[in-house]
Amino acid sequence: MPRQEAGITIFIRKKRLRSILFISLAGFIVMCAVLLAANNQSSDEPTLLLIDEMRVPEEEFLLFLLDEKANTVSYFHQRYGAEYSQEFWETDFAGENPFEFAQKQAVAKLIKVKAEQLAAKQAGIIKDTHYKTILQFSKQQNAAYGVENMSLVQQYTLASSKLFIEAKNAYKAQKGGLNEQKLIAYYEQHQKELLPTEDDLSVYVLRTVNADDAETIDKLKALAELVAADSKKGEEPEMIKKRYISPYILDLELVTYGSEEGKDEYVSESAVIIRNAAYQLQANEISEPIIAGNDRYILFGANRNVKDVPAFEEVRQYLADIMLEKEVEQKVEHTVQNANVVIENENRFGQLISVLTN
């Protein structure tokens with residue numbers, strides 16, 4: 001009997017323990033569900049609008065709306081002569097309203113960004129397209145590349161661009177090769193685009209006296225012929241310059257274009273005109289007088305290194321990469337063109353005008 005009682009006692013204790021464990025486990029599961037739901041709500045709230053079921057909170061939308069402020073003011077000033085004032089955002093100009101214009105521009109840019117983020121999600125680069133997820137990825141990029149001097153919207157769009165690049169790389173790795181005939185057809189259609197750079201040019205640029213009478217032009221052409229002859233003999237550019245600077249030739253310089261060309265941030269309109277004219281010349285050819293800005297020029301093509309189109313085998317992988325990336329871009333463009341936008345909180349969406357007036 002004692003054993004039996006002891007056995008019963010043990011049995012009862014086990015049964016109670018199982019009940020306690022079951023209740024605790026059930027409570028834990030409920031608590032996790034509540035926390036998970038709360039976390040999901042906090043990551044999505046407050047939802048201002050939906051883009052193909054992708055939630056966009058107010059904070060995310062404001063990045064793009066505020067970024068459109070200066071563009072909108074400039075647009076209405078140039079198109080309607082509108083001056084900025086406190087009433088600017090609520091004033092209609094020929095049926096166009098600045099606030100509505102800024103909203104539409106911001107939404108359009110967000111649609112493109114969200115479509116690219118969706119591609120990254122589908123490629124497994126990110127778990128979702130939530131604003132907090134993108135901000136977290138952006139912070140990681142900041143730490144790696146140091147872009148602290150950028151504005152928040154610049155950091156955000158940069159992060160989205162990098163996500164899209166990773167999505168394209170993942171797609172290429174997954175897809176592998178392409179049909180050989182498609183590659184050959186693309187190669188034949190886009191040969192000019194496959195040139196690594198423009199031809200390399202060396203051109204003597206002669207800035208001449210600003211006169212258009214026949215006698216002066218003949219004199220200038222004759223001097224250009226002499227410059228060409230000395231160049232063909234291998235004379236140094238500095239020697240040629242010293243020899244021919246005169247009341248007719250005000251300045252003379254050997255300029256290179258192509259792979260050896262310097263990349264200046266500012267290029268004058270005259271420089272663009274001269275460059276375009278230089279690419280019209282063949283080697284050893286002298287141009288007609290050119291007007292650029294307030295000056296006249298004559299060009300002599302001293303040298304032209306013509307770039308050949310690379311062989312198909314050399315660019316096979318490059319072509320495959322281009323075509324596969326285009327497939328991803330076309331999918332994103334399809335998403336953009338067919339995007340469904342729903343304003344979840346229309347009252348708040350309209351109240352955001354106060355953000356622009358501050």
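Below, all heavy atoms of this structure are taken into account, side chains as well, without hydrogens, waters or symmetry copies. Just so you know, these numbers come straight off a predicted model, no measurement behind them.
- Looking at Tyr75 and Glu96, their side chains do bring a donor and an acceptor atom within 3.5 Å of each other.
- Summarising the local packing, CD of Glu215 is surrounded by 12 or fewer heavy atoms from other residues, nucleotides or ligands at distances under 6.0 Å.
- The backbone N or O of His334 lies less than 3.5 Å from a partner atom in the side chain of Asn338, making a donor-acceptor pair.
- Placement of Leu252 and Ile286 within a single hydrophobic cluster is found when ILVMFWY residues are connected by side-chain heavy-atom separations under 4.5 Å, directly or transitively.
- Around atom CG of Asn294, no more than 12 heavy atoms belonging to other residues, nucleotides or ligands sit under 6.0 Å away.
- Using a cut-off of 4.0 Å between Lys/Arg side-chain N and Asp/Glu carboxylate O, Asp128 and Lys121 are scored as not salt-bridged.
- Here the CG atom belonging to Leu254 is positioned 7.0 Å from the OG atom belonging to Ser231, to the nearest 0.5 angstrom.
- When side chains are defined from C-beta on, Pro98 does not count as touching Thr91, because their heavy atoms never get closer than 4.5 Å.
- Residues Lys69 and Trp89 are in side-chain contact: their nearest non-hydrogen atoms beyond the backbone lie under 4.5 Å apart.
- Taking every heavy atom of both residues into account, Leu65 and Leu352 meet most closely at CD2-CB, 4.0 Å.
- Atom CD of Glu236 is surrounded by 12 or fewer heavy atoms from other residues, nucleotides or ligands within 6.0 Å.
- Ring planes of Phe93 and Phe88: tilted class, angle from 30 to 60°.
- When each of Asn276, Ile298, Ile273 is checked for a side chain to side chain contact (heavy atoms under 4.5 Å, CB included) with Ile290, only Ile273 meets the rule.
- Between Arg316 and Glu180 there is a salt bridge, with a side-chain nitrogen of the basic residue lying less than 4.0 Å from a carboxylate oxygen of the acidic one.
- Salt-bridge annotation for Glu329 and Lys168: present, with a side-chain N of the basic residue lying under 4.0 Å from a carboxylate O of the acidic one.
- Under 4.0 Å is where a charged nitrogen must lie from a carboxylate oxygen, and between Lys241 and Glu238 no such pair does.
- Between Lys221 atom NZ and Glu288 atom CD the span is 3.5 Å, to the nearest 0.5 Å.
- Within the structure, ring-ring contact (aromatic ring centres under 6.0 Å, His included) pairs that include any residue of residues 283-317 comprise Tyr187-Phe312 (at least two apart or interchain).
- Tyr171 pairs in a side chain to side chain donor-acceptor pair (under 3.5 Å) with only one of the listed residues (Glu166, Glu325, Glu327), which is Glu327.
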How far apart are the C-alpha atoms of Val306 and Arg304, what are their side-chain angles, what is the distance that settles it, and do they pass the side chain to side chain contact (heavy atoms under 4.5 Å, CB included) test?
CA-CA 6 Å; Val306 179; Arg304 182 164 191 147; 4.3 Å; yes

Derivation and outcome, ring-ring contact (aromatic ring centres under 6.0 Å, His included), residues Tyr84 and Phe76
CA-CA 9 Å; Tyr84 188 74; Phe76 278 85; over 10 Å; no

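- Residues Phe164 and Val113 form no side-chain contact, since every pair of their non-hydrogen atoms from C-beta on lies 4.5 Å or further apart.
- In the hydrophobic clustering of this structure, Ile165 does not group with Val332; members are Ile, Leu, Val, Met, Phe, Trp, Tyr whose side-chain heavy atoms approach within less than 4.5 Å, directly or through other members.
- With 3.5 Å as the limit, one finds a donor-acceptor pair spanning the side chains of Gln317 and Asp321.
- There is a side-chain donor-acceptor pair under 3.5 Å between Gln117 and Lys114.
- Side-chain contact between Thr208 and Tyr248 is absent, with no heavy-atom pair separated by less than 4.5 Å.
- Within the 4.5 Å cutoff, no side-chain heavy atoms of Glu116 are placed close to those of Leu163.
- Side-chain atoms of Ser161 come within 3.5 Å of backbone N or O of Thr157 as a donor-acceptor pair.
- For the residue pair Tyr257 / Asp199, no side-chain donor-acceptor distance below 3.5 Å is found, with atom types taken as modelled.
- At distances below 3.5 Å, at least one donor-acceptor pair connects side-chain atoms of Thr72 with backbone N or O atoms of Glu68.
- Closest non-hydrogen pair, Ala170 versus Ala123, comes out as CB-CB, 4.0 Å.
- In summary, Lys112 and Glu333 do not engage in a salt bridge, as defined by a charged side-chain N under 4.0 Å from a carboxylate O.
- For the residue pair Asn97 / Asp92, a side-chain donor-acceptor distance below 3.5 Å is found, with atom types taken as modelled.
- Using a 4.5 Å heavy-atom threshold, the side chains of Arg296 and Val209 count as separate.
- Within 6.0 Å of OH in Tyr80 there are more than 12 heavy atoms belonging to other residues, nucleotides or ligands.
- Each of Ile291 and Ile274 belongs to its own hydrophobic cluster when Ile, Leu, Val, Met, Phe, Trp and Tyr are linked at side-chain heavy-atom distances under 4.5 angstrom.
- Within the 4.5 Å cutoff, side-chain heavy atoms of Ile217 are placed close to those of Pro289.
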Kindly determine whether Tyr156 and Ser160 satisfy side chain to side chain contact (heavy atoms under 4.5 Å, CB included), including the steps that lead there.
CA-CA 6 Å; Tyr156 177 94; Ser160 292; 4.0 Å; yes

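- The 12-atom threshold is not exceeded at CD of Glu53, counting heavy atoms of other residues, nucleotides or ligands nearer than 6.0 Å.
- Between Ile51 atom CD1 and Thr335 atom OG1 the span is 11.5 Å, to the nearest 0.5 Å.
- Judged by distance alone, with hydrogens and angles left aside, the side-chain atoms of Gln154 form a donor-acceptor pair with the main-chain N or O of Ser151 at under 3.5 Å.
- Using a 4.0 Å cut-off between a side-chain N of Lys or Arg and a carboxylate O of Asp or Glu, Lys132 and Glu59 do not qualify as a salt bridge.
- Atoms OG1 and CD1, from Thr47 and Ile343 in turn, are 12.0 Å apart once rounded to the nearest 0.5 Å.
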Test side chain to side chain contact (heavy atoms under 4.5 Å, CB included) on Asn210 and Asp295 and set out the steps.
CA-CA 6 Å; Asn210 198 351; Asp295 298 308; 5.7 Å; no

Would you check, one step at a time, whether the test side chain to side chain contact (heavy atoms under 4.5 Å, CB included) holds for Ser74 with Asn71?
CA-CA 5 Å; Ser74 175; Asn71 295 335; 5.8 Å; no

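- The residues Arg55 and Glu344 are annotated as salt-bridged, a charged nitrogen and a carboxylate oxygen being separated by less than 4.0 angstrom.
- Here the CG-CG distance, from Leu152 to Leu135, works out to 6.5 Å after rounding to the nearest 0.5 Å.
- Proximity of Val56 to Tyr131: side-chain heavy atoms (C-beta onward) are nowhere separated by under 4.5 Å.
- Of the inter-residue distances, the one linking Leu201 atom CG with Asn303 atom CG reads 8.5 Å to the nearest 0.5 angstrom.
- Checking side-chain atoms of His77 against main-chain N and O of Ala82 turns up a donor-acceptor pair under 3.5 Å.
- Every residue two or more places apart in sequence or in another chain that forms a ring-ring contact (aromatic ring centres under 6.0 Å, His included) with Phe61 is listed here: Phe349.
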